[in-house]
Trainee: 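Attaching a single structure in structure tokens format; questions to follow.
The shown structure was predicted, so the numbers you read here are calculated from the model rather than taken from an experiment.
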Amino acid sequence: MIEPSARKLAGIAIILALIASWALLVASLAGWVGRWPALVQALFYLVTGVVWIAPLKPLIRWIETGRFSKG
């Protein structure tokens, strides 16, 4: 059985921390966002539900290669 590297374990922990932090941030805005019209709320939650993925690409690259950039 192959053991995962420390970098992979750290990367998974960072990903979980990012997801939890992002969810807490968005949830903390719920009272303020709740006063917006329903369609604007839907757009807000759609965008915030997708935006958290952006920092994952370099993080996943680091997990796999040990580098953040393509070079």
Trainee: Can you see which heavy atom on Thr48 is nearest to which on Trp52, and at what distance?
Mentor: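 What the structure gives for the nearest pair is O-CD1, 3.6 Å.
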
Trainee: Taking a hydrophobic cluster as the set of Ile, Leu, Val, Met, Phe, Trp and Tyr residues connected by side-chain heavy atoms closer than 4.5 Å, whether directly or through intermediates, do Ile19 and Val47 fall within one such cluster?
Mentor: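 Cluster IDs for Ile19 and Val47 match.
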
Trainee: Restricting to non-hydrogen atoms, name the atom on Lys8 and the atom on Glu64 that form the minimum distance, rounded to 0.1 Å.
Mentor: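 Reported closest heavy-atom pair: CE-OE2, 4.3 Å.
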
Trainee: Got a second to check how far Ile14's CD1 is from Leu56's CG, nearest 0.5 Å?
Mentor: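 Ile14 atom CD1 to Leu56 atom CG measures 11.0 Å (nearest 0.5 Å).
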
Trainee: What closest approach, in Å, do Trp62 and Ala10 show between heavy atoms, and which atom pair accounts for it?
Mentor: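 Of all heavy-atom pairs spanning Trp62 and Ala10, the closest is CH2-CB, 4.3 Å.
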
Trainee: Where is the tightest heavy-atom contact between Ala30 and Tyr45, given as atom of each residue plus distance?
Mentor: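 What the structure gives for the nearest pair is CA-OH, 3.6 Å.
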
Trainee: Which ILVMFWY residues are connected to Leu39, directly or by a chain of links, through side-chain heavy atoms under 4.5 Å apart?
Mentor: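 So far as hydrophobic clustering goes, Leu39 is joined with none.
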
Trainee: Find out whether Ile63 and Ile15 are in side-chain contact, i.e. whether some heavy atom of one side chain is under 4.5 Å from a heavy atom of the other.
Mentor: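 The answer is yes; the side chains approach within 4.5 Å.
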
Trainee: Sub-3.5 Å donor-acceptor pair from the side chain of Ser21 to the main-chain atoms of Leu18, do we have one?
Mentor: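 Not a single qualifying donor-acceptor pair exists.
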
Trainee: For Trp36, give me all partners under ring pair (Phe, Tyr, Trp, His ring centres under 6.0 Å), at least two apart in sequence or on another chain.
Mentor: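 Ring pair (Phe, Tyr, Trp, His ring centres under 6.0 Å) list for Trp36, sorted by chain: Trp32, Phe44.
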
Trainee: Roughly how far apart are Leu29 CG and Leu24 CG, rounded to 0.5 Å?
Mentor: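 Reported to 0.5 Å precision, the distance equals 11.0 Å.
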
Trainee: Kindly compute the distance separating CD1 (Ile12) from CG (Leu59), expressed to the nearest 0.5 Å.
Mentor: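 That separation rounds to 10.0 Å.
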
